[in-house]
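To start, the structure itself, in structure tokens.
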Amino acid sequence: MPEAPNILSDSADCIDGIVVESNNKVLKFIEDVTAHADEVQRRVLSEILSRSANVEYLQRYGLNGCTDRETFKKVIPVVTYEDLKPDIERIANGDTSPILCSQPISEFLTSSGTSAGERKLMPTIEEELGRRSLLYSLLMPVMSQFLPGLDKGKGMYFLFVKSEAKTPGGLVARPVLTSYYRSSHFKNRPNDPYTNYTSPKETILCLDSYQSMYSQLLCGLFQNEDVVRVGAVFASGFIRAIQFLEKHWSLLCKDIRTGTIDSKITDPSAREAVMKILKPNPKLADFVEAECSKGSWKGIITRLWPETKYIDVIVTGTMSQYIPALDYYSNALPLVCTMYASSECYFGINLNPLCSPSEVSYTLIPNMAYFEFLPVTRKDELTGSISEPTALNDKEKQQLVDLVDVNLGQDYELVVTTYAGLYRYRVGDILRVSGFKNKAPQFNFICRKNVVLSIDSDKTDEVELQNAVKNAANQLLQYEASLVEYTSYADTSAIPGHYVLFWELSVKDSTLIAPSVFEDCCFTVEESLNSVYRQGRVCDKSIGPLEIRVVENGTFDMLMDFALSQGSSINQYKTPRCVKYAPIIELLNSRVISSYFSPKCPRWTAGHKQWCTQN
């Protein structure tokens with residue numbers, strides 16, 4: 001049976017020979033684990049069920065200690081977060097009995113998906129950090145097959161932590177990357193040339209987003225000749241870093257010139273870490289100043305960091321909207337998506353990292369979790385929606401297939417069983433089988449189920465958008481006006497991007513409605529959206545103010561006519577609640593008669609509403 005490579009300890013004193021040896025171990029591991037994918041999957045499920053034989057959840061459904069796939073699939077239901085919510089709330093409130101997992105729940109990972117407007121809570125256990133570290137350790141050996149010499153330079157990655165909260169029972173609740181960056185696996189990682197970053201860990205762990213970004217950019221600029229790769233988690237985050245540089249390059253140049261750090265950076269750990277790197281360098285300051293003061297910022301990445309070979313960011317799914325901006329700033333450097341992961345589980349890696357962003361596929365690593373796949377069908381190619389009911393009937397349950405039994409070209413919803421206590425859990429990601437690595441399938445990420453709007457890590461679904469629009473439109477009734485029809489789209493033509501709503505109104509006298517009324521409508525929509533969206537507006541500044549564009553009467557009739565001309569059926573047509581197709585957006589924009597923005601940020605506090613924020 002393939003075993004995980006022990007490269008984390010092997011790389012303590014990496015030299016060329018050891019790097020090559022470690023890389024070969026990783027590549028052999030990937031080869032072995034994909035060649036024996038079904039065998040590994042069977043073992044993983046057996047391990048999970050053996051460990052969890054006595055947990056309340058499995059006993060509730062009568063598994064009775066069985067560890068075989070057939071019994072497991074027969075008695076354990078396929079579930080969503082709402083099904084698990086009562087058990088998760090018991091754990092959050094302090095119940096330490098083995099409800100979902102035999103091992104103690106160490107913390108909750110807060111998902112970017114939401115339930116009742118609050119982040120979902122994914123239980124995790126201490127050993128999952130090691131499993132995540134394993135997947136990270138596979139990335140650079142794969143990358144080095146395509147671009148040699150990456151171990152000779154540094155990575156300039158913009159990495160950030162977010163605020164944490166404590167549940168009533170005392171467990172920490174935080175995003176998965178914050179959990180990883182605060183762990184000993186990251187902070188005390190071995191001396192590995194592939195994790196040699198320009199940003200000291202103290203700048204990454206600084207909670208103030210301005211101070212963290214400024215400090216990381218300062219260190220990245222000062223070490224510009226050492227940088228061979230750049231990146232962030234999401235494409236939107238990397239674009240924000242470049243936009244930050246556009247605003248603050250003169251201050252950064254001053255610090256490089258004098259070997260000091262701006263007084264606005266008050267975090268003592270970050271200041272101390274930066275000052276260990278920084279030395280007066282007038283020549284470098286002149287160079288950065290000359291490049292940044294030029295009229296065009298086209299190719300600024302390769303101009304300031306000339307040895308950069310690629311940009312490591314997620315550009316699949318909704319992040320693909322940022323590809324033109326990345327190409328502009330980088331002179332079309334390769335855009336590399338290295339891995340596929342979520343709060344529920346880390347899934348797989350990209351074995352062909354230099355492929356076009358439109359062709360990115362991920363190979364699921366079979367020992368990360370037990371994977372099943374639910375066939376789905378595309379309902380509307382214009383909106384990208386997925387026709388799949390929330391609850392599965394018996395026939396649909398029987399349609400779930402194992403990892404090695406998926407069909408090329410078919411779309412599936414991912415279902416996982418994890419070591420941390422999720423059993424047959426519907427992740428909500430829609431994947432398309434694009435090929436195979438040995439016996440392990442490779443998948444294109446298609447979309448997040450039910451999501452209609454997303455700018456950064458926010459995910460707004462159709463029901464939530466409908467409720468928010470309804471709350472806002474109610475404010476028009478006193479002016480004898482009503483909302484006839486609406487749709488939306490995520491406008492990323494500027495950074496930060498923002499939500500745009502197109503409203504068609506029935507109104508007796510439009511002159512009676514002051515602009516402030518529509519501005520209040522914008523604010524009401526924002527107040528009604530989930531906590532992830534509101535955090536992006538308030539704390540992260542990753543989302544701009546929501547905009548309402550009022551369109552001429554008859555616009556949505558024209559939209560229907562356009563859809564019918566493209567082959568839609570008049571019997572099945574319904575107004576899309578989100579549009580992405582450029583000609584439709586052009587049509588809507590051509591009919592705009594006025595537009596309004598939210599005048600202030602919505603309210604947001606860390607954690608669920610009833611929890612206290614952890615200092």
Side-chain angles (χ1 to χ4, degrees), residues 135-136 138-150 153-160 177 194 197-198 216-217 220 224 227-246 296-341 347-363 429 431-432 434-435 442-448 454-457 490 492-497 542 580 582:
L135 201 69
Y136 284 126
L138 307 182
L139 304 180
M140 293 310 298
V142 170
M143 196 71 214
S144 293
Q145 295 179 102
F146 300 86
L147 292 172
L150 296 175
K154 295 185 177 184
M156 183 180 70
Y157 283 74
F158 300 106
L159 308 175
F160 303 93
L177 291 175
Y194 291 139
Y197 302 130
T198 57
Q216 292 190 57
L217 262 172
N224 73 318
V227 172
V228 294
R229 53 196 172 101
V230 299
V233 178
F234 293 113
S236 56
F238 189 81
I239 296 292
R240 278 204 309 281
I242 300 303
Q243 296 276 330
F244 186 98
L245 177 61
E246 281 194 82
S296 171
W297 271 55
K298 188 178 189 303
I300 193 66
I301 294 166
T302 49
R303 283 155 48 189
L304 292 179
W305 297 278
E307 300 303 316
T308 303
K309 299 178 186 295
Y310 66 93
I311 304 177
D312 184 352
V313 287
I314 294 172
V315 289
T316 51
T318 57
M319 288 295 125
S320 63
Q321 60 197 325
Y322 297 103
I323 291 174
L326 290 169
D327 286 343
Y328 175 81
Y329 286 124
S330 72
N331 272 336
L333 280 173
L335 304 178
V336 172
C337 302
T338 56
M339 65 183 290
Y340 171 39
F347 303 117
I349 61 175
N350 182 359
L351 294 180
N352 184 23
L354 292 186
C355 67
S356 163
S358 63
E359 298 174 353
V360 169
S361 67
Y362 300 102
T363 303
D429 288 355
L431 310 176
R432 179 174 298 156
S434 59
Q442 298 172 313
F443 296 91
N444 303 130
F445 179 90
I446 300 301
C447 65
R448 180 76 177 173
S454 178
I455 294 290
D456 191 52
S457 59
T492 57
S493 59
I495 301 296
S542 58
K580 301 172 185 176

Could you list the donor-acceptor pairs under 3.5 angstrom formed by side chains in residues 237-244, with sequence neighbours left out?
residue	atom	partner	partner atom	Å
R240	NH1	D456	OD1	3.4
Q243	NE2	Y329	OH	2.9

On a heavy-atom basis, which atom in [X] and which in [Y] lie closest, and how many Å separate them?
X    : Y    : answer
S542 : P496 : O-CB, 3.4 Å
W305 : G220 : NE1-O, 3.0 Å
A341 : F347 : CA-CD1, 3.9 Å
V227 : E307 : O-CB, 3.4 Å

Residues in side chain to side chain donor-acceptor pair (under 3.5 Å) contact with [X], at least two apart in sequence or another chain:
X    : answer
Y136 : Y346
Y157 : R229, D312
Y328 : S296
Q442 : T363

Rounded distance (nearest 0.5 Å) linking atom [atom1] of [X] with atom [atom2] of [Y]:
X    : Y    : atom1 : atom2 : answer
N224 : I301 : CG    : CD1   : 13.5 Å
F445 : N350 : CZ    : CG    : 14.5 Å
Q216 : F160 : CD    : CZ    : 4.5 Å
L351 : L139 : CG    : CG    : 10.0 Å
Y340 : N444 : OH    : CG    : 11.5 Å
N331 : R303 : CG    : CZ    : 8.5 Å

Distance-only criterion, 3.5 Å: show the donor-acceptor pairs between side-chain atoms of residues 352-359 and protein atoms not counting sequence neighbours.
residue	atom	partner	partner atom	Å
S356	OG	S358	N	3.3
S356	OG	S358	OG	3.1

Problem set entry | Minimum side-chain heavy-atom gap I311-L333 below 4.5 Å |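 In short, these two side chains touch, coming nearer than 4.5 Å.
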Exercise. In this structure, which one of V230, L150, V228 forms a side-chain contact (heavy atoms from CB on, under 4.5 Å) with Y310?
Worked result: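 Answer to the side-chain contact (heavy atoms from CB on, under 4.5 Å) test with Y310 among V230, L150, V228: L150.
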